[in-house]
Amino acid sequence: MKRSLFFALCTMVILACLPAFAQGQQPVRKLIYSLEAGEEILQPESAIAISATKESLTLVLSKGKGEKGPFFVFRNGQKKGPFTKLKEAMAAAYPSQDESAGIFRNCSDYTPDQGLLPPDAIPSTEGDESSGQTIIFKGKTFGPYLSVFAVMATPDGSRAYFAVNEKDKVWLICSDGRKVFIASAPDTIKISPDGKNAVVACTGSLSPSEMVKLIASQPEKYNAEMNKKYVYTIDGKKFGPYGMDFKDFWFSVGNNDFFFLDGNQLYMNGTPTLTLKIEPFSPCDFYPSADGKRYAFFTLENLVFSDGKKYPFPLSIIPFQEGGQTMIKWVALENNKDIVVYQRAI
Amino acid sequence: MTRRWHRSVWPLIGVLLFPLVLSPLAAEEDYTVLFGAKYAEAEKFLRQNSWIAKSLRLPPQETRIALAVVFPEIIRFKALEDKVQVRALKVLYVQYGRKYADFSVGHFQMKPTFAEQIERDYNRLFSTEEKTAAEIAPFETGDSSRLRKERVLRLDDLHWQARYLRLLMMVMDKLYGKLTFASDLEKLRFYATAYNSGYASGEKAVRKRMGIRRFHIQWLFAKTYYNYADVSVFYYSRNVSPLRTH
């Protein structure tokens, strides 16, 4: 009797622990570099020169006061320097513009970099509402439209998306020919990291002229409509209406699925996946797994995983896909001198 | 006769010179051109957030000065907001404190060092009655990770940035209220320089820094530096009655 009880207990414990082992819950820790006496990571007013990718970690180090140097660069496991000029150190640290992005933006909410676009791939809007507005992208003219609400190009310059009013109907249009009716003017267009998908969130489903009419004639009906949110994709999918609890919609870095949050309910590609209890919530701090069922979340003090484990003071966080899992790599400064990299699956 | 001539001509000279004093030309450079769209965005931000002016709870003229004091920082924030994210710096400040406190946050580009100083000065310079009247409780003192985290969260909150700006004006009045300024523009120059370069260093040091060009809107490798107070004065001069438009 005692023996069977013991076996039953052991089985329960093993079963309870299995998911933890399967997800590789213990992070791999690696000491990358220890700051020498008098050495610090370069810290100008609006950034700190520490950046990581899936493969590497780059640091710009200063041994002088502030931006005076001498400077050293730690990259691909090697330290180079001294550099007397900061420009030389930065060039050695970040040979291409793409590589330095991590020191500027460390955020899970994907934002396409419009600064990298070639000049002909920067969409421009011409004309006004009296003559009609056109959009010029890579030498091709789109329109004229009654008005242009939002324009966004993919960072590789291959596509542009725009939301326009055409004959009192609002459309989300892609330069590759896709065109979908959306109910009302969106504030912004969100693009997937691969540039193939675009999503908008619209308030209400009134056309521009209906809106003007209802404001004056039926303000209550207008207000009720303005409390509704709809989500549209460039491929013609529509989700909603959602109510006043609709919080945000976004793409996460390295993930081409789109997410939105209505109250505490997280949706991935329009399907409910998780109930979140994170206050305050910011998509910038939220790192979802590929299936949208697990996550890691950044706070000022910890990186918190959905299994409840917390890791203190993450500086730079890099999500990536490996072996069918979403991995998180993060950098920490321990003992005020040790640059340590951790990695685990979400 | 001569005296009468004087009496009659001075108002005329005053009327003729007044536009020059308030004119953007007084600051010599046209910052709407130099900063382009970012200047316009900063103006739009203040127009769309008229609650900031109201929340300062200052007399109209002081409100104009306060908004002009932070205006160049709003330009800088607009220039950098899409590119730069100071999350790692916030983490290091919460983790280790003062050594990592020299970075700028939010629309008014306030630094943790500034917030620490203002909190200390508010606690020590204002009586319990004054604090009650101001409806701002004294700040918890000490230096712990928890307090630093709370400070960073305050700096991340625009309503708190407006409150810190109000506290700056109150503290400046306590520290420098007895100084006489030739004009509101001179007062603005002093306040703007103090805000940008450290108000606690004393009158002499602030005055010494008033002509220095150290303001820029790049994250690194700035090619051109501007005089912070000039930008404030330029904005102020173009918006002689900003409160009317708000």
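Letters go in sequence order (proteins before strands), and every chain restarts at 1. Keep in mind that this is a model prediction, so the values were computed, not measured.
Atom NZ of B:Lys44 has 12 or fewer neighbouring heavy atoms from other residues, nucleotides or ligands inside a 6.0 Å radius. The number of heavy-atom neighbours closer than 6.0 Å to NZ of A:Lys30, taken from other residues, nucleotides and ligands shown, is 12 or below. Other residues, nucleotides and ligands contribute over 12 non-hydrogen atoms within 6.0 Å of the NZ atom of B:Lys174. More than 12 heavy atoms of other shown residues, nucleotides or ligands fall within 6.0 angstrom of atom NZ in B:Lys131.
Between B:Leu92 and A:Phe313, every side-chain heavy-atom pair lies at or beyond the 4.5 Å cut-off. Inter-residue side-chain proximity for B:Arg87 and A:Ser316 is flagged as unmet; no heavy-atom pair is nearer than 4.5 Å. Residues B:Lys99 and A:Asn336 are in side-chain contact: their nearest non-hydrogen atoms beyond the backbone lie under 4.5 Å apart. Residues B:Tyr93 and A:Leu300 are not in side-chain contact: their nearest non-hydrogen atoms beyond the backbone lie 4.5 Å or more apart.
With rounding to the nearest 0.5 angstrom, the CG atom of B:Asp102 is 6.5 Å from the CD atom of A:Gln43. From B:Lys90, atom NZ reaches atom CD of A:Glu301 across 14.0 Å, with rounding to the nearest 0.5 Å.
Minimum heavy-atom separation, B:Gln95 to A:Leu333: NE2-O, 3.0 Å.
Contact annotation for B:Tyr100: both backbone and side-chain heavy atoms come within less than 4.5 Å of a heavy atom of chain A. Proximity to chain B (any heavy atom under 4.5 Å) is restricted, for A:Asn335, to the backbone atoms N, CA, C and O. Heavy atoms closer than 4.5 Å to chain A are found in the side chain of B:Lys111, but not in its backbone.
Scanning residues 151-162 of chain B against chain A with a 4.5 Å non-hydrogen threshold yields B:Val152, B:Leu153, sorted by number.
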